[in-house]
Structures are given as structure tokens and as C-alpha cells.
**Student:** 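Encoded as C-alpha cells, here's the structure I'll be asking about.
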2 protein chains.
Amino acid sequence: MVLSIKSGNIASVKMTFNKPNKTTNIKKIRFMKAEKILNISVDCVVFGYDVNTKSLNVLLINRFLESKGEVLVDDYVLTGYHVYTHETLDETATRVLKELTGLTNQYKKQFKAFGNPDRLTNEKDLLWIKNEEFNTRTITIAYYFLLKTEDVSLNNGNDKATWFPVNDLPILGFDHNTIIQEAYEDLKEKCLSEPIIFKLLPDKFTINDVQDLYESILGIEIDNRNFRRKLINKKYIIALDEKQVGVSKRPAQLYMFSLDIYNKMFQKNYLISI
Amino acid sequence: MVLSIKSGNIASVKMTFNKPNKTTNIKKIRFMKAEKILNISVDCVVFGYDVNTKSLNVLLINRFLESKGEVLVDDYVLTGYHVYTHETLDETATRVLKELTGLTNQYKKQFKAFGNPDRLTNEKDLLWIKNEEFNTRTITIAYYFLLKTEDVSLNNGNDKATWFPVNDLPILGFDHNTIIQEAYEDLKEKCLSEPIIFKLLPDKFTINDVQDLYESILGIEIDNRNFRRKLINKKYIIALDEKQVGVSKRPAQLYMFSLDIYNKMFQKNYLISI
DNA sequence: ATAATAAACGTAAATATGACGTTAATAATT
DNA sequence: AATTATTAACGTCATATTTACGTTTATTAT
């Protein structure tokens, strides 16, 4: 959306941002008695994996602010919004994702709160905040989502959302580079011990797809023969009666992941590995 | 401390709580220009291990509120306080621990934010909040600390702090049972892959001390012979020229943990165990 | 038919784990 | 001074897992 606003110290302002537009928002507030908590927000690191380009991406939105023909701010930030008084933190995160992508029921994890007093105090952030209704001393609860890049259509028009490879991010507004970095660290760790890798892959995948994804996330090389054996032996990795189509070499066997079987088989092992 | 306060709907109130008393606090605010953020707090789960009784404990403080001779609230809660505008979340946690125990430089971890709209809405909580300066819609950033029970002297007089075994907690105020439960789950997980166990033990310990602690935390039995072999083979578990003293059976070898050696040896292994 | 390519399978050594039996050292007791 | 009780500490073997490679097979393109 593009808005013309008069507010703060800046006389005439054009700005774009990922949030419900003012009119809709006011209606919503009157109807649901929703009130934003002005110093508490949720920011979402949306990880999307592109199985074709083998790229782990983060969804960012353009933060654009112009006054009297001068571009004041033009960079990228995470998607996020204030917590409403009536909702849980999880609900805020779910709402934010839905408003940006239309998606619900994606894997989501609250991984850390960021609350340094100086987290919103660089020059561009201050310019931006002047035109927003929020507090400089805002604490944000950060979540990350895991989904498939292909599930998100970026043709919604209004939101200037763009995928960036997680290893090739621009300098972001606020403390959002830090937030992504910490989300990524958490993802690296968690994908080793929980089957969340499959949240990033299509329902039908090849063993090599899984390996490529692990290599993308972890930045390492894995021996294909050992990896293949390991995965195939898992009861919850199920070979389908299907093979790849449209490939110009020997087509690979397709598999699926069964969360049901995983959960039934799962038993905490207390292996101490320090 | 014991305070007599007139505020809210309750005419004459006696209350005790773990926080800087009003006078000190106001002075501090004037001097440092400290201002509490009224809807953001930090709560601390202080885990303390008692190597003698082999008990993993949580430090709780008594929440007591009396009006006209009637006891309105008399239960336990975690220690916590509002975040000041000038401080980071980590600093808040450090401050809260120091005010309760006098301790600094203890292992600390931010593990989750709790922000359900109904988290402070049971009867006792509402009574309590009436006499406090904070918002019913408060979000708390929860930390846990790992230390030795013996390092905390509870004879400070004012604070009614008490150790409770983590597996035998009373019903707590606010959502503090939930918070402790989640801290405990995080601790269970983390102690398997990081050498944080040693934060709970004295500098000099026996192999059996470590095993007992693991068994306390995880609630499992471990084969002593296999566990011993495993630990002794670690380069960073260093045998000292000392043995236990004052035991009435064969005294055990004392060991120490070298974080230096651990860090030098440490290299991330990307073992995929899903 | 043949070549090129990637998928898929195989093998052996090294390492780690789990289950259990045995020995050694010390303090208390006689 | 010898004996006993008790806990610390060491040892062994079978099995499972990991690592490091070599080999075969199926498919498409030529």
C-alpha cells in the first residue's frame, strides 16, 4: 500500500509498509476493541526454501519513506507488528504471517525476545518511527517460520515483499540482521535433532533433496552414500510408488515423511554428548 | 521487607515482596532517571543444586498480602521485576538476581517470553496487582539461572526466599508454574549437549556427583560404569591431586571441569539424529 | 547400441554404546 | 592387626553407529 500521511516532524510523507492500512485497522479496533500495545511487537523471520534453486531464503519487506521528493528511508526489514491487548504472542505471529502471505498453519517457533534500549536508534529507524505510532523503547518477541518459498505468492501487489538468500542479506533496518542471525543459529541447531527439515520441503521429495537442504542450512558437505543409508532406514521416511518426472537423467525415487510414525516411534534418548 | 501501603481498593495493607523498597526505589529513579516499563517484566527461575542432598531446587519468594487482619494472598512466586527503560533484558535479569541473592556472574539464559492476555488474571493475582504499580497486560521475559544452593545465603532477613525441589513445587502465583516447567524442559535438553551441568556443581566434584546431578535433572538411572568411563575419557574432566575428605567409606577422586580445554576442543559436530 | 550421468547399493574399519562382571581402596569394626 | 562392609574404580564383550570409501544400476541423450 502507499499512504500519504502528515505526522511527526515530516510535512508530506509517502510511505509503504507491511501492515493493515489505517482505515481497515481503525474499523478493526472499533469492532474487536483491539488495541495495540505500543511498546511490544512480534517480528517474524520467514524462512522459505526453494527446492529448485536449493536456496534457503528469508522474506523481507521494503521500508520506504519519502518527504518532499527526497528519499529518507529505503531499505528492508522483517515483517512484524504490535501485539494486540487481546491476543497471545503466538496469535500475533500467526496474524502477521497471514497478513503478509495468506498462509496459516505453518511451522512457527518463538525463539528470543530482543529488548536492547538502543535497538531502534539508528538514524533511519528514528526517521521511520517518527511516522509510526510506536515507542522507541519497544521490545520485540521474535519468531521464525519454516515454509516453502513456492507456497508464497508475492504478486499481492501492495506488499513489497522479497526473498533474500539467508547468506546474502542486505543491511536491514532496526536490529533485524541480528534477529535473523539468531533465528538461523537456532534453526541450524534444531534441524539436527527435530524433523523440522521436512517443513521446508515439498510433501514428495528425494533423498538428495533432503541432503541438499541440510547442506544449505548447515553450510557443510555430507557423504551421499552414508546419508542415503541413514535416511532410508528410518521407518518414517516412506518410499512412494513414484519417481521424479521431467528430469534429464535417471529419475530419483520420491519419499514422504510421516509425522505420525515419527511421533509413535519417538522416545527421548538421554544420550549425554558433552 | 514489610510495607504498609494504602492503595487500590484495599484500605490497610501489609505486604511483603522481593523488590527494592519504595524509598530506595524512588531515590534510584530520581538519581539514575530509571523508569520502570510498566507492562514488561523479567522473571527469573533460579535453579540451585544441593550436592549434599542431591536436590535440584528452585528459589521462590513469598507473596503476602493482608488487609484488616484478613490474609488475602499468601503464596509463592518467582523473583522478577519490571525492565527499566535504560537497561537491556539481560541487565534486568542480572539485577533481579543480584537483589535477591547478592550474586553476580552466574550462568543465565533467556529461554522464553510469556505474554498470554490471561496470564495474570486469577483471583489472587488481581488482588496483588491492585496493590502494585503494574499492568494486568504484562509480558514477561523469562530467564533461568544455574547456581549452587550453597552459594545463596537466605539469612538476608527481609526477603522471604525459600528453596523448593523442582519436582515438588507448590501452586504458584501468576503463570509461574508454567514458566518453571518450561525452564526445566529447556534445562533437561541443554544439559545433554552443553557442559552447563558444571554450573550447578562445586568446582571440585566426583564422577558420582555428576551422575547424581544428571539423574536428578533427567529423572533417569544411569549405569555408573559406562558413565564413569565416558566422563573420565574427556580431556576437559581433569583429575585433581585430591580426594574426598570426611566420608566414612572409600573417598572418591575429585575432578574439575576446564572450560578452556572444552572450548579449544569443541568443534560443532553436525550429527543428524532425527 | 553406446556413452554419460546421477541414483542407488555395498563393504570394512573404527568408534561409541549398552549390559554386565570383577577388583581395589578405604574406614569402621572386631 | 585382621576382618568386614561399603563404595570407588576398572574390565570385557556384544552390538550398534559412524566414517570412509568402492561398485553397480537405471535412465536419458547421443
Side-chain angles (χ1 to χ4, degrees), chain A residues 51-54 191-193 195 201-202 204-215 218 220-256 265-274, chain B residues 51-54 191-193 195 201-202 204-215 218 220-256 265-274:
Chain A
V51 75
N52 297 311
T53 63
K54 307 188 201 309
C191 73
L192 295 175
S193 59
L201 287 169
K204 300 171 182 183
F205 51 80
T206 68
I207 299 295
N208 285 349
D209 286 340
V210 187
Q211 181 178 337
D212 288 338
L213 177 48
Y214 269 117
E215 291 182 340
L218 300 171
I220 57 169
E221 291 207 336
I222 299 172
D223 183 281
N224 176 261
R225 296 156 291 191
N226 293 333
F227 181 81
R228 161 171 260 107
R229 178 184 42 194
K230 188 168 193 163
L231 235 64
I232 287 177
N233 285 330
K234 306 288 183 190
K235 297 279 196 301
Y236 44 83
I237 303 289
I238 300 168
L240 302 171
D241 284 333
E242 279 185 77
K243 295 192 171 181
Q244 281 183 315
V245 286
V247 288
S248 68
K249 284 288 136 47
R250 176 180 178 180
Q253 172 70 52
L254 290 172
Y255 293 83
M256 61 168 280
M265 295 188 57
F266 182 80
Q267 50 181 20
K268 186 117 195 72
N269 72 334
Y270 292 97
L271 184 56
I272 297 163
S273 43
I274 55 169
Chain B
V51 73
N52 297 311
T53 62
K54 308 187 201 309
C191 73
L192 295 175
S193 58
L201 288 168
K204 299 171 184 182
F205 52 80
T206 69
I207 300 294
N208 285 349
D209 286 341
V210 187
Q211 180 178 338
D212 289 338
L213 177 47
Y214 269 117
E215 291 182 340
L218 300 172
I220 57 169
E221 291 207 335
I222 299 173
D223 183 282
N224 177 261
R225 294 155 292 190
N226 293 334
F227 181 82
R228 162 171 259 108
R229 175 184 50 189
K230 188 167 194 165
L231 235 65
I232 286 177
N233 285 330
K234 306 288 182 190
K235 298 277 195 306
Y236 45 82
I237 302 289
I238 300 167
L240 302 171
D241 284 332
E242 278 185 79
K243 295 191 171 181
Q244 281 182 314
V245 286
V247 287
S248 69
K249 286 287 136 49
R250 177 180 177 182
Q253 173 71 50
L254 289 172
Y255 293 84
M256 60 168 280
M265 294 188 60
F266 182 80
Q267 50 182 19
K268 186 116 196 71
N269 73 333
Y270 292 97
L271 185 55
I272 297 163
S273 43
I274 55 167

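For clarity, every value in this text was computed on a predicted model and none was experimentally measured. Side chains are part of it too, since the values below use all heavy atoms of this structure and drop only hydrogens, waters and symmetry mates. We name chains A, B, ... by the order of the sequence lines, and we start the count at 1 in each one.
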**Student:** Sub-3.5 Å donor-acceptor pair from the side chain of B:Asn233 to the main-chain atoms of B:Arg229, do we have one?
**Tutor:** yes
**Student:** Report yes if a donor N or O on one partner sits less than 3.5 Å from an acceptor N or O on the other, where the partners are the side chain of A:Arg250 and the base of C:dA6; otherwise report no.
**Tutor:** no
**Student:** What is the distance, to the nearest angstrom, from the NZ atom on B:Lys243 to the C1' atom on C:dA27?
**Tutor:** 13 Å
**Student:** Write down the distance between CD (B:Glu221) and C1' (C:dC20), rounded to a whole number of angstrom.
**Tutor:** 15 Å
**Student:** Quickly work out the B:Phe227 CZ to C:dT17 P distance and round it to whole Å.
**Tutor:** 12 Å
**Student:** Using heavy atoms and a sub-4.0 Å distance, could you list which residues of residues 267-274 of chain A are near DNA chain D? By number, please.
**Tutor:** none
**Student:** Keeping the roles fixed (side chain from B:Lys234, backbone from A:Ile274), state whether a donor-acceptor pair exists under 3.5 Å.
**Tutor:** yes
**Student:** To 10°, what angle do the rotation axes through the five end pairs on each side of the helix from C:dA1-D:dT30 to C:dT30-D:dA1 form?
**Tutor:** 10°
**Student:** Any side-chain N or O of B:Lys249 below 4.0 angstrom from OP1/OP2 of C:dA25?
**Tutor:** no
**Student:** Give me the first and last nucleotide of DNA chain D, going 5' to 3', that has any atom under 4.0 Å from a heavy atom of chain A.
**Tutor:** D:dT18 to D:dA29
**Student:** Where is the tightest heavy-atom contact between B:Glu215 and B:Ile222, given as atom of each residue plus distance?
**Tutor:** OE2-N, 2.8 Å
**Student:** Tell me, yes or no, whether the heavy-atom count around B:Lys235 atom NZ, taken from other residues, nucleotides or ligands under 6.0 Å, exceeds 12.
**Tutor:** no
**Student:** B:Ile207 and B:Phe227: which non-hydrogen atoms are nearest, and at how many Å?
**Tutor:** O-CE2, 3.7 Å
**Student:** Which heavy atom of A:Asn224 sits nearest to which heavy atom of A:Gln211, and what is that distance?
**Tutor:** ND2-OE1, 2.7 Å
**Student:** Minimum heavy-atom separation for B:Lys230 and A:Leu271, please, with both atom names.
**Tutor:** NZ-CD1, 3.5 Å
**Student:** Quick one: closest heavy-atom pair of B:Tyr236 and B:Met265, and the distance?
**Tutor:** CD2-SD, 3.9 Å
**Student:** Distances for protein N/O vs nucleotides 9-15 of chain C N/O pairs under 3.5 angstrom?
**Tutor:**
{"from": "C:dT11", "atom 1": "O4", "to": "A:Arg229", "atom 2": "NH1", "distance (Å)": "3.1"}

**Student:** Can you name the residues that form a salt bridge (Lys or Arg N to Asp or Glu O under 4.0 Å) with A:Lys54, not counting sequence neighbours?
**Tutor:** A:Asp212
**Student:** Is a donor on one side and an acceptor on the other found under 3.5 Å between the side chain of A:Glu242 and the backbone of A:Gln253?
**Tutor:** no
**Student:** Roughly how many Å is it from CG in A:Leu240 to P in C:dA7, rounded to a whole number?
**Tutor:** 17 Å
**Student:** With a 4.5 Å cut-off on side-chain heavy atoms, are B:Phe205 and B:Val51 touching?
**Tutor:** no
**Student:** Report yes or no: does B:Tyr270 contribute a side-chain atom to a donor-acceptor pair with the main-chain N or O of A:Leu192 at less than 3.5 Å?
**Tutor:** no
**Student:** Taking only residues two or more places apart in sequence or in another chain, which ones pass salt bridge (Lys or Arg N to Asp or Glu O under 4.0 Å) with A:Arg225?
**Tutor:** A:Asp223
